[in-house]
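Worksheet: one structure, shown below.
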Amino acid sequence: MPLVRLATWNVNSAKIRLPRLLPWLDQRAPDVVCLQETKASDAEWSETYDAELRERGYEVAHYGQGRWNGVALLSRVGLDDVERGLPGEPRFPADDSAPEARALSATCGGLRVTSVYVPNGRTPDDPHYAYKLRWLDALHAMVSDGPTSSSVVAGDMNIAPTDADVWDPSLFVDSTHVTPAERKALESLTGLGLHDVVRDRWPGERVFSYWDYRAGRFHQDQGMRIDLVLVGDDAVGRVRAAWIDRQARKGSGPSDHAPVMVDLDEAPDGDIGPVVPPPTTPAKLPHLG
DNA sequence: ATGTCCCTTATAAAGGGA
């Protein structure tokens, strides 16, 4: 397998974001893309977006009901054994209500990739917060039951792993995204051997992936790092670069999230495919771009 | 710090969600 570029991006509506998504695919040329908050139904997706993506060489899977949520996977290195949702996932408001489209898995280039849109939680005393924790339990169960070492979990975790991932922790005391229970749930996931490769690569840097649209947050770099690429043991040694594509948050009509990018070197064994030149090292840190 | 953007509808103004 040649070098593989993984990306995850909460696009905040596929319909609105298409004019940003397509050029971004052309420019960044990711091989595997996890999308969240497509806010599209499967019917709308197949009628409106599928062809444009397939023209670009991607196999495509989408899971969405429209209006809210919605996740997708694009891959140019295979897209097999697609699985919608999580086994035993909780539902909201009741366990007999329809599941929300928040997880989509497929095998791409030998990796078991899951695109996730973790519930927001709203506030710690809200029923949505308990639902978030139960949903994270189901995610943990799926990863631990599966081929953990070849797993990649990527998406909008709606959790800032540490206070370093929040622009001003004093403003988020007792807020969702930073509570010990959420962080513990995330740690139990990384405890399975899933590595937060952007933080590993930039241990002391101010790196955010989300900036509220309001109050000029992006302009002041007042954001949070809640979009993660978690890489299992098989691929973590192949990580050649990991960064946040801050450029995609700029300009007109951006999502409030930036894509997270990870380049994997060719697998050490077997057919390594055509020889490719090393990726260009950015002159500046990409996330400061 | 409640200032934006995106969805939807008993739609052209307003409510819900992030």
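Throughout, a chain's letter reflects where its sequence line sits, starting with A, and its residues are numbered from 1.
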query = Which whole-number value in Å describes the distance from Leu18(A) CG to dC5(B) C1'?
reply = 17 Å
Lys132(A) NZ - dA18(B) P separation (whole Å) = 10 Å
query = Which value, in whole Å, describes the distance between the C1' atoms of nucleotides dG16(B) and dT11(B)?
reply = 15 Å
Polar atom pairs (N or O), protein with nucleotides 7-13 of chain B, under 3.5 Å:
residue, atom, partner, partner atom, Å
dC7(B), OP1, Ser13(A), OG, 2.5

query = Going by atom types alone, do Asp80(A) and Thr107(A) pair a side-chain donor with an acceptor below 3.5 Å?
reply = no
message = I need the CD1-C1' distance between Ile159(A) and dA18(B), as an integer number of Å.
response = 16 Å
query = Taking atom P in both dC7(B) and dT2(B), what distance in whole Å separates the two?
reply = 25 Å
key: Asp126(A) CG to dA18(B) P, straight-line distance once rounded to whole Å   = 9 Å
remark   = Ala138(A) and Gly88(A) have their tightest heavy-atom pair at CB-O, 4.2 Å
ask   = Who are the ring-ring contact (aromatic ring centres under 6.0 Å, His included) partners of Trp24(A), not counting sequence neighbours?
value = Trp9(A)
task = With sequence neighbours left out, write down each residue that passes ring-ring contact (aromatic ring centres under 6.0 Å, His included) with Tyr58(A), or none if nothing qualifies.
result = none
task = Nearest-nucleotide wise, let me know which of Tyr213(A) and His257(A) is further upstream toward the 5' end of DNA chain B.
result = Tyr213(A)
request  = Please report, rounded to the nearest Å, how far the P atom of dG17(B) is from the OH atom of Tyr129(A).
outcome  = 19 Å
request  = Would you mind listing the cluster partners of Phe92(A)? Hydrophobic ones only (ILVMFWY), side-chain contacts under 4.5 Å, chaining allowed.
outcome  = Leu86(A), Val116(A), Val118(A), Tyr129(A), Tyr131(A), Leu133(A), Trp135(A), Leu136(A), Leu139(A), Met142(A), Val143(A), Val153(A), Met157(A), Ile159(A), Leu186(A), Leu189(A), Leu192(A), Leu194(A), Leu228(A), Leu230(A)
query = How many Å lie between CZ on Phe92(A) and P on dA18(B), as a whole number?
reply = 10 Å
query = Roughly, in whole Å, what's the span from CG in Asp212(A) to C1' in dG17(B)?
reply = 12 Å
Length of the CG-C1' vector between Asn10(A) and dC5(B), whole Å = 12 Å
key: For Tyr210(A), all residues meeting ring-ring contact (aromatic ring centres under 6.0 Å, His included), sequence neighbours excluded   = His257(A)
side-chain N/O Arg217(A) vs dT4(B) OP1/OP2, d < 4.0 Å = no
Residues in side chain to side chain contact (heavy atoms under 4.5 Å, CB included) contact with Pro23(A), at least two apart in sequence or another chain = Gln27(A)
ask   = When you compare dG17(B) with dA10(B), how far apart are their P atoms, in angstrom units rounded to a whole number?
value = 16 Å
ask   = Taking only N and O in the side chain of Arg214(A), is any of them less than 4.0 Å away from OP1 or OP2 of dC5(B)?
value = no
